[in-house]
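Each remark here refers to the structure printed beneath this line.
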Amino acid sequence: MNNSTQTIDELIRTANELRKRILFTAHYKKQGHVGGSLSCADILTVLFFNQLAIDPSNPKWEDRDRFVLSKGHTALGLYGILSLRGYIPEEELKTFDQYESRLQAHPDMTRLDALDMSTGSLGQGLSIAVGMALGAKRLKKDFHVYCLIGDGESQEGQIWEAANIAEKYNLDNLIVLLDQNGLQQYGWKNEADRKPPEQKAKRKFDSFGFETWEVDGHSIADLVQVLTVAKKSSNGLPKAIIANTVKGKGVSFMEHNYQWHSKAPNDEEYRMALTELEGGFD
């Protein structure tokens with residue numbers, strides 16, 4: 001089930017609204033990981049409004065597609081898309097990271113039933129997603145499992161141990177999305193590590209037996225196309241989509257700037273950011 005029938009133009013506007021909600025929450029609470037949330041905003045929009053078989057009125061529907069945000073520090077983006085999709089009220093975003101809030105700084109499935117997994121310790125989400133996909137195969141269920149990982153996170157060896165198992169068990173119901181925004185928390189120690197060489201990430205997933213694609217992670221149309229193809233492919237190979245993105249995408253003074261990895265905009269910065277986002281849709 002996916003009741004959303006948004007057009008490409010509508011998806012673009014939804015992604016823009018998601019960016020506003022990310023910034024609103026960070027500004028209101030004076031905290032949060034903004035840069036990486038903005039870089040994956042288009043990916044989250046396409047997943048929740050175009051691809052995932054989900055039912056917001058029944059979050060624990062047994063046959064729903066599963067989603068694991070392995071890069072759990074970008075919870076601002078996840079909560080923003082959940083509010084847009086109708087899982088939580090927009091007003092609840094104001095409770096982000098409060099004591100006893102359902103919206104913790106990192107996703108906590110014990111507090112929010114819209115979540116399929118608690119995440120935050122980097123490198124672990126893909127292992128969890130592999131287990132879900134394997135479980136679906138064993139139970140003869142048709143749902144797909146989507147896992148969003150980061151490029152900095154992919155320095156963790158556990159990512160590749162999980163990838164190896166995915167190929168071993170022919171998990172063609174697993175779709176991994178790499179948010180390749182080219183920056184991590186404090187930049188990169190070596191300039192050569194800042195942005196993987198052309199096709200490097202794709203080659204790595206290829207070598208682990210994945211069917212892989214590389215795509216502009218800010219092109220809604222391209223994301224829809226490649227995700228549709230990936231979901232329909234049942235050739236026994238796990239899927240990987242390398243989405244080339246920009247950290248801080250949508251706000252010029254945040255783009256390509258690692259200082260916005262975990263930083264909330266002040267009043268003036270928030271005003272400037274909203275002006276930019278709203279100016280694109282006059």
Side-chain angles (χ1 to χ4, degrees), residues 12-45 47-49 67 69-108 111-112 114-115 118-122 148-153 179 181-187 217-218 245-281:
I12 292 171
R13 289 182 176 274
T14 298
N16 193 64
E17 180 60 32
L18 173 56
R19 289 187 165 91
K20 292 181 190 177
R21 294 195 182 191
I22 289 168
L23 293 168
F24 166 80
T25 308
H27 175 255
Y28 185 85
K29 297 301 297 183
K30 303 295 185 279
Q31 61 183 312
H33 292 78
V34 172
S37 295
L38 292 174
S39 72
C40 68
D42 300 299
I43 297 169
L44 290 172
T45 298
L47 286 175
F48 279 84
F49 280 86
F67 175 71
L69 181 68
S70 188
K71 44 178 282 180
H73 56 287
T74 56
L76 285 175
L78 180 57
Y79 299 147
I81 202 67
L82 290 176
S83 70
L84 284 163
R85 196 65 175 86
Y87 283 94
I88 60 175
E90 181 180 0
E91 187 72 11
E92 191 171 358
L93 295 175
K94 293 181 178 179
T95 73
F96 174 69
D97 202 26
Q98 285 182 193
Y99 182 66
E100 293 189 345
S101 169
R102 297 195 300 171
L103 312 184
Q104 290 298 296
H106 293 80
D108 185 346
R111 301 203 180 200
L112 182 60
L115 302 176
S118 303
T119 54
S121 296
L122 293 177
L148 180 58
I149 65 177
D151 50 359
E153 174 188 20
D179 179 14
N181 61 36
L183 283 175
Q184 56 183 11
Q185 185 169 4
Y186 301 113
H218 299 306
T245 61
V246 172
K247 196 152 192 169
K249 178 66 175 179
V251 181
S252 61
F253 60 87
M254 296 181 180
E255 292 182 358
H256 303 290
N257 186 345
Y258 73 86
Q259 293 181 355
W260 287 99
H261 175 84
S262 180
K263 178 183 175 182
N266 60 32
D267 291 347
E268 177 61 16
E269 290 165 337
Y270 181 55
R271 184 195 65 77
M272 292 169 58
L274 284 186
T275 298
E276 280 195 40
L277 290 171
E278 292 170 351
F281 290 89

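Atom CG in Leu18 sits 4.5 Å away from atom CD1 in Ile81 (nearest 0.5 Å). Between the CD atom of Glu17 and the CD1 atom of Ile12 there is a distance of 15.0 Å, given to the nearest 0.5 Å. Rounding to the nearest 0.5 Å gives a distance of 7.5 Å between CG of Leu47 and CG of Leu148. One finds the OG1 atom of Thr45 at 11.5 Å from the CZ atom of Arg85 (value rounded to the nearest 0.5 Å). Distance check, rounded to the nearest 0.5 Å: CG of Leu183 to OH of Tyr258 gives 9.5 Å. To the nearest 0.5 Å, atoms CZ (Phe253) and CD (Glu269) are separated by 5.5 Å.
Screening residues 256-265 for salt bridge (charged side-chain N to carboxylate O under 4.0 Å, His left out), with sequence neighbours left out, gives no hits. Listed by first then second residue, pairs satisfying salt bridge (charged side-chain N to carboxylate O under 4.0 Å, His left out) with a partner in residues 92-102 read Glu91-Lys94, Glu92-Arg102, not counting sequence neighbours.
Counting all heavy atoms, side chain and backbone alike, Ala26 lies closest to Ala264 at O-CB, 3.3 Å. The shortest non-hydrogen separation linking Leu76 to Ile22 is O-CG1, 3.9 Å. Of all the heavy atoms in Gly77 and Ser37, the pair that sits closest is N-OG, 3.5 Å. Between Asp179 and Cys40, the shortest heavy-atom distance links the atoms OD2-CB, 3.5 Å. A pairwise comparison of heavy atoms in Ile149 and Ser70 identifies CG2-CB, 3.7 Å as the closest pair. Heavy atoms only, all atoms of each residue included: Tyr87 and Ala114 are closest at CD2-CB, 3.5 Å.
Side chains of Met272 and Pro265 form no contact here, defined as non-hydrogen atoms less than 4.5 Å apart. In this structure, Leu112 and Pro107 have side chains that are not in contact, with every pair of non-hydrogen atoms separated by 4.5 Å or more. For the pair Leu44/Thr74, no side-chain contact is recorded, criterion being any heavy-atom separation below 4.5 Å from C-beta on.
Qualifying side-chain contact (heavy atoms from CB on, under 4.5 Å) partners for Ser101, counting only residues two or more places apart in sequence or in other chains: Thr95, Gln98, Leu103, Gln104. With sequence neighbours left out, the ring pair (Phe, Tyr, Trp, His ring centres under 6.0 Å) criterion links Tyr79 to no other residue. Under the side-chain hydrogen bond (donor to acceptor under 3.5 Å, both in side chains) criterion, Arg271 pairs with Glu268, sequence neighbours left out. For the side-chain contact (heavy atoms from CB on, under 4.5 Å) test, residues two or more places apart in sequence or in another chain that qualify with His73 are His33, Lys71, His106, Leu122, His261.
With Glu276 contributing its side chain and Ser252 its backbone, the two residues share a donor-acceptor pair below 3.5 Å. Under the 3.5 Å distance criterion, the side-chain polar atoms of Asn16 are matched with a main-chain donor or acceptor of Leu277. The main-chain N or O of Gly248 is never found under 3.5 Å from a side-chain atom of Ser39 such that the two would form a donor-acceptor pair. Distance alone, capped at 3.5 Å, places no donor-acceptor pair between the Lys249 side chain and the Val246 backbone. Using a distance-only test at 3.5 Å, with no hydrogens or angles considered, a donor-acceptor pair links the side chain of Asp151 to the main chain of Asn181. For the pair Glu255 (side chain) and Gly250 (backbone), a donor-acceptor distance under 3.5 Å is present.
Within a 6.0 Å sphere centred on OH of Tyr28, heavy atoms belonging to other residues, nucleotides or ligands number 12 at most.
Remark: the His27 side chain and the Asp267 side chain contain an N/O donor-acceptor pair separated by less than 3.5 Å.
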Check the pair Leu38 / Lys247 against side chain to side chain contact (heavy atoms under 4.5 Å, CB included), numbers first and verdict last. CA-CA 7 Å; Leu38 292 174; Lys247 196 152 192 169; over 6 Å; no
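Centroid-to-centroid, the aromatic rings of Phe48 and Phe67 come within less than 6.0 Å.
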